[in-house]
Trainee: 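My structure is below; once you've seen it, I'll send some questions.
So that the names make sense, note that chain A is the first sequence line, chain B the second, and so on, each numbered from 1.
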2 protein chains.
Amino acid sequence: MLNVNSYFDDNVKSIAFQGKTQATTVGVMDLGEFTFGTSQYEVMTIIDGELEVKLPGTTSWNTFTNGNQFEVEANSSFEVKVVRQTAYHCTYE
Amino acid sequence: MLNVNSYFDDNVKSIAFQGKTQATTVGVMDLGEFTFGTSQYEVMTIIDGELEVKLPGTTSWNTFTNGNQFEVEANSSFEVKVVRQTAYHCTYE
């Protein structure tokens, strides 16, 4: 059973699955700007695309593209500007 | 606008997007055995998971896991046994 979730008026969609050791999703972000909240510690890896990301506690935007990774603590939020449609992989702890 | 497609009684789901140069999907395969047909040349990359794959014109099964890639010609088919739930990235030409 594969659950699909939609966020931000269907501008972000993801499919949940069980990774080797962690709950995991793969998803796609459409063009736009989004603020994601976290309920768990997350590690996000860009599969294919380009994001500008402002991580919690920082004031600068950094670019993340294929293979780049960032982590976000639980109960936090991060801002994303999607430069081109972007596929991502995310694990949750 | 992000389109989600389902195949094999919802045991495979994918999200389509525009990659840098190619039509692309990311998806997840649930446990099972599936025969995929191709209408275009495809390059499939395993993001996270493990598949045994029998490619067209071969009689052997080979294992593909994170980061591994295979290609399949248009108008062909390949067989997959999903060892654990597997996220994949696929480009189409």
Side-chain angles (χ1 to χ4, degrees), chain A residues 1-34 36 40 42-52 63-71 80-93, chain B residues 1-34 36 40 42-52 63-71 80-93:
Chain A
M1 177 66 183
L2 300 172
N3 285 317
V4 176
N5 288 299
S6 290
Y7 308 93
F8 305 110
D9 292 327
D10 292 339
N11 285 301
V12 178
K13 293 186 180 181
S14 68
I15 307 168
F17 67 104
Q18 178 57 47
K20 198 160 192 174
T21 61
Q22 290 175 290
T24 308
T25 60
V26 287
V28 177
M29 301 180 195
D30 206 349
L31 303 181
E33 299 193 25
F34 311 106
F36 289 87
Q40 294 170 280
E42 297 185 7
V43 177
M44 185 172 283
T45 306
I46 310 308
I47 298 166
D48 187 357
E50 185 175 341
L51 303 180
E52 293 178 19
T63 299
F64 292 84
T65 184
N66 300 14
N68 295 160
Q69 197 173 74
F70 59 89
E71 57 184 33
V80 170
K81 296 178 188 171
V82 183
V83 178
R84 66 177 178 91
Q85 286 189 323
T86 294
Y88 67 91
H89 174 275
C90 196
T91 59
Y92 306 87
E93 269 177 26
Chain B
M1 176 66 185
L2 301 171
N3 285 317
V4 176
N5 289 299
S6 290
Y7 308 92
F8 305 110
D9 292 326
D10 292 340
N11 285 301
V12 178
K13 293 186 180 181
S14 68
I15 307 167
F17 67 106
Q18 179 56 48
K20 199 159 193 174
T21 60
Q22 290 176 289
T24 307
T25 61
V26 286
V28 177
M29 301 179 194
D30 206 348
L31 303 182
E33 298 193 27
F34 311 106
F36 290 86
Q40 294 169 279
E42 296 185 7
V43 177
M44 185 170 283
T45 307
I46 310 308
I47 298 166
D48 188 357
E50 184 175 340
L51 303 179
E52 293 177 19
T63 299
F64 292 84
T65 184
N66 301 13
N68 295 160
Q69 197 173 73
F70 59 89
E71 56 184 33
V80 170
K81 295 178 189 172
V82 183
V83 178
R84 67 176 178 92
Q85 287 189 323
T86 294
Y88 66 91
H89 174 276
C90 196
T91 59
Y92 306 88
E93 271 179 24

Trainee: Roughly how far, to the nearest 0.5 Å, is CE of A/M44 from CZ of A/F36?
Mentor: 5.5 Å
Trainee: Does A/E93 offer a backbone N or O that forms a donor-acceptor pair with the side chain of A/Q40 under 3.5 Å?
Mentor: yes
Trainee: Do the non-hydrogen side-chain atoms of B/K13 and B/V28 ever get within less than 4.5 Å of each other?
Mentor: no
Trainee: Between atom CE of A/M29 and atom CZ of A/F34, what is the distance when rounded to the nearest 0.5 Å?
Mentor: 8.0 Å
Trainee: Using a heavy-atom distance cut-off of less than 4.5 Å, which residues of residues 18-26 of chain A contact chain B?
Mentor: A/Q18, A/G19, A/K20, A/T24, A/V26
Trainee: Return yes if some donor-acceptor pair links the side-chain N/O of A/D30 with the main-chain N/O of B/M1 below 3.5 Å, else return no.
Mentor: yes
Trainee: What distance do B/L2 atom CG and A/S14 atom OG have between them, rounded to the nearest 0.5 Å?
Mentor: 11.0 Å
Trainee: Could you please state which residues from residues 80-88 of chain A sit under 4.5 angstrom from chain B, measuring non-hydrogen atom to non-hydrogen atom, sorted by number, or 'none'?
Mentor: A/R84, A/Q85, A/A87
Trainee: What are the two closest heavy atoms between B/L51 and B/I46, and how far apart are they?
Mentor: CD1-CD1, 3.5 Å
Trainee: Would you check, one step at a time, whether the test side-chain contact (heavy atoms from CB on, under 4.5 Å) holds for A/H89 with A/T91?
Mentor: CA-CA 7 Å; A/H89 174 275; A/T91 59; 3.5 Å; yes
Trainee: Who pairs with A/D10 by side-chain hydrogen bond (donor to acceptor under 3.5 Å, both in side chains), at least two apart in sequence or on another chain?
Mentor: A/S6
Trainee: Where does A/I47 contact chain B at under 4.5 Å (heavy atoms): side chain, backbone, both or neither?
Mentor: side chain
Trainee: With sequence neighbours excluded, tell me which residues meet side-chain hydrogen bond (donor to acceptor under 3.5 Å, both in side chains) with B/Q69.
Mentor: B/T45
